[in-house]
Asks: 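I am attaching a structure below and will ask some questions about it afterwards.
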Amino acid sequence: MSMRRGLFKWHQAVGATLSAVFAVIALTGAILVFRGCMKTPPPSAPEVEQPLPLMELLARAQREAGDEVITDIGLATEPDEPWVFWVDDDDETVLYFAGDGALIERRRTAGGLTQLLFKLHTGEIVGLPGQAVALAAGLGMLALVATGLGMIVSRRRRRG
């Protein structure tokens with residue numbers, strides 16, 4: 001069997017074996033690109049004359065979060081935008097504050113469509129076996145690139 005034929009067989013086998021996984025990863029990734037369109041817009045914040053310093057807003061958010069850790073902060077860049085604090089709890093809580101420190105809204109984001117799509121995209125939805133399949137798909141994609149390039153190189157050598 002020639003090298004080109006061997007590469008083609010590997011290329012075919014890897015592509016056929018992982019095609020369903022590739023389709024799921026590609027489809028969920030394409031949808032996740034537009035995740036901003038699927039979110040509920042943040043609440044509007046009342047304009048305040050003298051906003052509190054960030055550390056005071058963080059302290060208020062931490063009091064709201066209790067013993068849970070605040071992982072991210074979204075800064076208000078416009079007068080009517082809220083300050084956003086993400087809490088690392090089971091509900092994946094998001095806290096929205098006005099510049100004066102008043103809590104505007106508390107949202108529970110766990111179990112949303114975006115989170116489901118992300119877990120499907122990464123294989124996390126079925127735990128460690130799913131993540132192993134996602135890893136195999138990534139490595140399989142590298143194998144497809146390598147065998148495809150190998151076929152191109154072997155074809156050019158044969159012609160030249």
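This one's a predicted model, so the numbers in the text were calculated from it and none came from an experiment.
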Asks: What do you reckon, is CH2 of Trp10 surrounded by more than 12 foreign heavy atoms closer than 6.0 Å?
Replies: no
Asks: Ile31 and Ile125: same hydrophobic cluster, using ILVMFWY side-chain contacts below 4.5 Å?
Replies: no
Asks: Work out which heavy atom in Gly29 is nearest to a heavy atom in His121; give both atom names and the distance.
Replies: N-ND1, 3.4 Å
Asks: If you compare all heavy atoms of Glu56 against all heavy atoms of Arg63, which two are closest, and at what distance to 0.1 Å?
Replies: OE2-NH2, 3.8 Å
Asks: Looking at Pro51 and Glu49, what are the two nearest heavy atoms and their distance?
Replies: CD-O, 3.6 Å
Asks: Start with the C-alpha distance between Leu75 and Trp83, add both sets of side-chain angles, then the distance that settles side chain to side chain contact (heavy atoms under 4.5 Å, CB included), and finish with yes or no.
Replies: CA-CA 5 Å; Leu75 307 177; Trp83 292 76; 3.2 Å; yes
Asks: Return the CG to CG distance between Leu128 and Leu135, rounded to the nearest 0.5 Å.
Replies: 10.0 Å
Asks: Report whether Phe97 and Leu52 are members of the same hydrophobic cluster (ILVMFWY, side-chain heavy atoms less than 4.5 Å apart, transitive linking).
Replies: yes
Asks: Find the distance between CG (Leu116) and OG1 (Thr28) and round it off to the nearest 0.5 Å.
Replies: 10.0 Å
Asks: Taking a hydrophobic cluster as the set of Ile, Leu, Val, Met, Phe, Trp and Tyr residues connected by side-chain heavy atoms closer than 4.5 Å, whether directly or through intermediates, do Leu117 and Val33 fall within one such cluster?
Replies: no
Asks: Would a hydrophobic clustering, with Ile, Leu, Val, Met, Phe, Trp and Tyr connected at side-chain separations under 4.5 Å, put Leu120 with Val133?
Replies: no
Asks: Give the C-alpha distance, both sets of side-chain angles, the deciding distance and a yes or no for side chain to side chain contact (heavy atoms under 4.5 Å, CB included) between Thr147 and Val14.
Replies: CA-CA 10 Å; Thr147 55; Val14 169; over 6 Å; no
Asks: For residues Pro42 and Pro82, report the shortest heavy-atom separation together with the two atoms involved.
Replies: CB-CG, 4.2 Å
Asks: Rounded at 0.5 Å granularity, tell me how far OH in Tyr96 sits from CZ in Arg107.
Replies: 4.0 Å
Asks: Tell me, with the steps shown, if Leu144 and His11 meet side chain to side chain contact (heavy atoms under 4.5 Å, CB included).
Replies: CA-CA 6 Å; Leu144 288 173; His11 191 82; 3.7 Å; yes
Asks: What distance do Thr71 atom OG1 and Glu92 atom CD have between them, rounded to the nearest 0.5 Å?
Replies: 9.0 Å
Asks: Can Val48 be reached from Leu57 by stepping across I, L, V, M, F, W or Y side chains whose heavy atoms are under 4.5 Å apart?
Replies: no
Asks: Verify, without hydrogens or angle tests, whether Glu81 (side chain) and Pro43 (backbone) share a donor-acceptor contact under 3.5 angstrom.
Replies: no
Asks: Could you point out which residue of Ile104, Leu95, Val94 forms a side chain to side chain contact (heavy atoms under 4.5 Å, CB included) with Val84?
Replies: Val94
Asks: The test is side chain to side chain contact (heavy atoms under 4.5 Å, CB included); show your working for Phe118 and Arg35 and say whether it passes.
Replies: CA-CA 10 Å; Phe118 184 78; Arg35 67 183 170 270; over 6 Å; no
Asks: Give a yes or no answer on whether the side chain of Asp100 reaches the backbone of Ala102 with a donor-acceptor pair at less than 3.5 Å.
Replies: yes
Asks: CG of Leu32 to CD of Gln115: how many Å apart, nearest 0.5 Å?
Replies: 11.5 Å
Asks: Looking only at heavy atoms, which two atoms of Ala137 and Leu18 are closest? And how far apart?
Replies: CA-CD1, 4.0 Å
Asks: Could you state the interatomic distance from NZ (Lys39) to CG (Leu113), rounded to the nearest 0.5 Å?
Replies: 12.0 Å
Asks: Using the salt bridge (charged side-chain N to carboxylate O under 4.0 Å, His left out) rule, take Arg60 and Glu64 through it: C-alpha gap first, then chi angles, then the decisive distance, then the call.
Replies: CA-CA 6 Å; Arg60 289 184 185 212; Glu64 270 305 314; over 6 Å; no
